[in-house]
Engineer: 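Next up is a structure, given as structure tokens.
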Amino acid sequence: MNDIRNAHFGRLKNVMNDSSSIAHLTRLYELLRMERNYEAEAYERSLTADNISGRSNEADCKYPVTICGSGFNALNQYIVTLSYETDGEELENDFEPGRPVSFFHLSQEGDSVVNLPFVCFVDSYKEGVLQIQLPGTAAFQSLSDRASRCMLGVRVCVDDTSFRVMQESLFAVMHSDNEKLVRLRETLLGPLKPRFRQLPAVAFPWLNDAQNAAVRKVIAAMDVAIVHGPPGTGKTTTLIEAIIETLQRETQVLVCAPSNAAVDWISEQLSKRSINVLRVGNPLKMSDEMLGCSYERRYADHPDYPELWQIRKTLSEGHDEKKSQSARNLRLRLRKRQMELEIKINEDLFNQARVVSCTLIGSAYHILEHRHFSTLFIDEAAQALEPACWTAICKADRVILSGDHCQLPPTVKCVEAAREGLSDTLMQRVVRSKKECVSLLTVQYRMHRDIMDFPSRWFYHGALRAAPEVADRLVNLMDTPLMWIDTVNSGFGERQNKSMSRLNADEARLVVHTLRDYVDMIGLERLVADNVDFGIISPYRAQVRMIRRLLKMQRFYRRLRGQVSVNSVDGFQGQERDVIIISMVRDNDKGEIGFLGDLRRMNVAITRARMKLIVIGNSETLSKHRFYAGLVEYFKEKGMVVDAGVEEESPSEKVDDRP
């Protein structure tokens with residue numbers, strides 16, 4: 001048997017040597033290094049004495065900040081509370097719980113920035129207030145001393161840990177001699193064909209045919225399967241059923257996602273199905289709902305923990321080498337018992353869990369170091385950097401990828417690294433090369449059929465169809481699902497603001513006017529009673545800021561405050577609204593549309609709408625691109641295209657006095 005096994009692995013090695021997977025992973029390693037160097041250099045350039053005053057409300061930097069409190073949090077970590085001035089226009093926030101940050105101030109001469117010599121972590125964030133976890137009370141004293149002499153600032157650090165983990169994972173995958181990992185690598189990246197078992201058909205009455213087919217493929221896959229879920233097609237529902245069905249055959253699975261929010265969401269859905277989930281990671285980064293499932297909380301709730309806590313307390317009460325032999329022997333016995341309890345509690349927690357969940361980078365967490373799983377599920381795989389995926393894949397025999405590569409990709413800041421392939425995801429590569437692994441979900445439960453049809457044709461080969469309950473759903477029976485308000489003859493124009501974001505002030509005013517007209521048409525009282533919600537989307541942050549400011553000047557907005565949200569495309573990823581208004585911004589004679597050329601962004605924007613989609617933009621500028629030319633024609637065919645005209649008096653020039 002060993003001879004057969006060795007011969008099989010020898011053939012696998014030959015495949016490995018002939019394949020391009022090693023070259024691909026080597027290239028990824030270099031691109032990751034480029035990205036890390038770019039972020040480090042940008043970090044060093046980002047803050048100078050000359051530009052410090054202009055960074056008081058940036059996503060990654062707050063200056064100045066004021067210390068307004070301190071104390072211990074529920075995890076016995078020392079926290080300092082900071083406040084800072086805000087204009088209420090914070091669109092993006094890099095101060096996520098758990099992110100490393102550093103404090104700084106200006107030198108006495110005022111010509112340079114001085115960084116304080118300790119790294120801290122974000123505990124919590126809300127607009128105008130930051131809570132930061134300090135290394136201890138000594139750091140707080142140092143901070144207070146500096147604050148008494150100068151103004152302090154705080155900014156997000158480059159997360160070296162994530163880069164290090166991903167690089168180590170790529171190195172391990174490239175040089176692995178583990179047969180199962182080599183086979184998985186060559187199946188995902190190389191010439192090996194994915195294998196499938198022949199199993200009795202299973203079906204769930206509450207799933208549609210495409211969802212049932214996806215679950216069956218997940219169960220049958222021996223190496224890899226992909227659940228491709230376009231907007232509104234019930235991807236999470238399908239993935240949950242696939243996980244539960246897998247647990248009928250396996251004792252435990254690993255569930256990962258690129259972000260903590262995504263991990264918490266799927267973990268919460270599994271917990272609601274009475275699945276024992278052990279959430280691994282930094283508790284600061286978890287949602288309140290998942291804290292009860294966290295490793296730390298479960299550890300502290302274990303029946304043996306009080307004994308362990310007492311032993312730790314006894315051992316921490318000082319150590320005197322001159323103590324008697326009996327005292328030293330007692331300490332040795334206590335240390336032995338401490339180790340026994342720590343091992344027992346840890347094993348109990350993992351043995352009881354059916355699902356272990358964490359981020360992709362969190363799968364390298366020390367308590368998972370020697371854990372291995374038959375199956376790994378990666379949700380939102382289309383938003384995950386490929387090196388991060390390999391970090392988790394190292395721990396599994398097979399992998400199930402779930403997501404939609406036709407929506408937003410992972411964030412890569414270095415343009416050259418993105419262009420060379422770092423922004424291409426593992427899911428994209430497998431979809432292209434191993435089509436037999438892919439299950440496309442085809443019935444969507446979100447959008448009116450006319451809102452769905454164009455993105456279905458462009459991104460999903462026309463495969464999507466609307467479920468009967470949403471196919472013809474409208475806010476009002478006399479309404480239409482599609483409207484394009486064309487600004488081509490309005491004399492509008494775009495400009496670039498100081499942060500290099502695009503802005504079209506006239507179009508922003510038209511957005512507010514359009515919303516007001518729509519509210520008047522349907523009726524404010526009915527919209528409030530039926531809780532109809534609105535989303536206003538613009539690809540550019542400067543435009544989002546301006547629309548928010550204009551809305552605050554309108555009296556009707558106060559009644560709808562909880563029903564109207566304004567954000568960027570990225571901010572609306574994973575969300576949906578009854579009515580969506582998109583401000584396209586670009587308006588120029590050259591037909592330049594910038595990063596609107598990334599059509600995945602427009603796919604996300606369009607598919608947020610349930611019942612009504614209004615697009616405001618210059619058709620002439622946009623139609624220089626084939627996608628937008630087709631989109632305008634589609635609106636003419638299925639909805640309406642109307643001329644914006646020119647306003648004599650815009651909403652920005654007066655406060656709306658209508659009741």
Side-chain angles (χ1 to χ4, degrees), residues 21 173 180-204 207-230 233-258 262 266 269-270 355-357 360 363 372-384 386 388-390 392-407 425-443 460 463:
S21 62
V173 174
K180 291 182 178 179
L181 182 56
V182 171
R183 168 170 282 283
L184 198 50
R185 182 189 71 203
E186 296 307 316
T187 302
L188 293 169
L189 300 177
L192 289 185
K193 296 290 185 184
R195 302 167 298 166
F196 295 90
R197 302 180 185 90
Q198 294 297 323
L199 296 173
V202 296
F204 304 93
L207 299 183
N208 62 48
D209 291 344
Q211 292 171 330
N212 270 306
V215 173
R216 287 193 291 269
K217 183 161 284 189
V218 167
I219 297 166
M222 298 175 67
D223 306 296
V224 58
I226 290 179
V227 179
H228 181 189
T233 54
K235 173 183 65 66
T236 300
T237 299
T238 306
L239 190 62
I240 293 294
E241 295 301 338
I243 292 171
I244 292 173
E245 190 62 26
T246 300
L247 289 173
Q248 301 298 316
R249 295 160 172 80
E250 299 174 16
T251 304
Q252 189 179 75
V253 299
L254 178 63
V255 175
C256 294
I266 193 165
Q269 302 311 303
L270 287 164
V355 169
V356 176
S357 67
L360 293 165
S363 64
H372 196 81
F373 303 84
S374 297
T375 302
L376 162 67
F377 290 87
I378 301 180
D379 194 18
E380 303 296 353
Q383 295 182 53
E386 183 176 339
C389 289
W390 285 109
I393 291 172
C394 287
K395 297 189 171 295
D397 297 333
R398 68 177 192 132
V399 58
I400 311 301
L401 305 172
S402 174
D404 181 13
H405 54 283
C406 299
Q407 296 189 61
T425 64
L426 181 62
M427 182 171 171
Q428 280 178 280
R429 299 183 196 282
V430 180
V431 167
R432 285 196 297 260
S433 62
K434 306 288 165 56
K435 291 181 171 56
E436 63 270 38
C437 296
V438 182
S439 297
L440 175 66
L441 305 182
T442 56
V443 182
Y460 308 108

Engineer: Taking the side chain as C-beta and beyond, is there a heavy-atom pair between I393 and V173 under 4.5 Å?
Structural biologist: no

Engineer: Please name the residue in the list V355, V356, V253 that meets the side-chain contact (heavy atoms from CB on, under 4.5 Å) test with F373.
Structural biologist: V356

Engineer: Is any side-chain heavy atom of T246 closer than 4.5 Å to a side-chain heavy atom of R398?
Structural biologist: yes

Engineer: So which heavy atom on K434 is nearest to which on L192, and how close?
Structural biologist: NZ-O, 3.3 Å

Engineer: Report the residues that fulfil ring pair (Phe, Tyr, Trp, His ring centres under 6.0 Å) with F204, sequence neighbours left out, ordered by chain and then residue number.
Structural biologist: W206

Engineer: Give, for atom CZ of R183 and atom CG of L181, the distance between the pair rounded to the nearest 0.5 Å.
Structural biologist: 12.5 Å

Engineer: Please output the side-chain donor-acceptor pairs of residues 435-442 that fall under 3.5 Å, not counting sequence neighbours, one pair per line with the distance.
Structural biologist:
residue, atom, partner, partner atom, Å
K435, NZ, R432, O, 3.0

Engineer: Quick check for you: to the nearest 0.5 Å, what is the distance between R197 atom CZ and M222 atom CE?
Structural biologist: 5.0 Å

Engineer: Using the salt bridge (charged side-chain N to carboxylate O under 4.0 Å, His left out) criterion, which residues pair with K235? Sequence neighbours excluded.
Structural biologist: D379, E380

Engineer: Is there a donor-acceptor contact under 3.5 Å from the side chain of Q211 to the main chain of N208?
Structural biologist: yes

Engineer: Can you see which heavy atom on H372 is nearest to which on A396, and at what distance?
Structural biologist: CE1-N, 3.5 Å

Engineer: Would you please name every residue forming a side chain to side chain contact (heavy atoms under 4.5 Å, CB included) with S374, sequence neighbours left out?
Structural biologist: E250, D397

Engineer: Nearest heavy-atom pair of K395 and L254: which atoms, and what distance?
Structural biologist: CB-CD2, 4.4 Å

Engineer: Roughly how far, to the nearest 0.5 Å, is CG of L239 from CG of L401?
Structural biologist: 10.5 Å

Engineer: Who are the side chain to side chain contact (heavy atoms under 4.5 Å, CB included) partners of Q248, not counting sequence neighbours?
Structural biologist: I244, E245

Engineer: By the side-chain hydrogen bond (donor to acceptor under 3.5 Å, both in side chains) test, which pairs, at least two apart or in different chains, include something from residues 212-229?
Structural biologist: R195-D223, H228-D404

Engineer: Hey, what do you get for CZ (F377) to CD1 (I266), rounding to the nearest 0.5 Å?
Structural biologist: 8.5 Å

Engineer: Nearest 0.5 angstrom please: Q269 CD to I243 CD1, how far?
Structural biologist: 10.5 Å

Engineer: Donor-acceptor pair, distance only, cut-off 3.5 Å: does the side chain of R429 make one with the backbone of L189?
Structural biologist: no

Engineer: Just how far is it from atom NZ of K193 to atom OG of S433, taken to the nearest 0.5 Å?
Structural biologist: 8.5 Å

Engineer: Listed by chain and number, what are the side chain to side chain contact (heavy atoms under 4.5 Å, CB included) partners of T425, not counting sequence neighbours?
Structural biologist: P410, M427, Q428

Engineer: Please identify each residue that fulfils side chain to side chain contact (heavy atoms under 4.5 Å, CB included) with A384, with sequence neighbours left out.
Structural biologist: P258, L360, C389

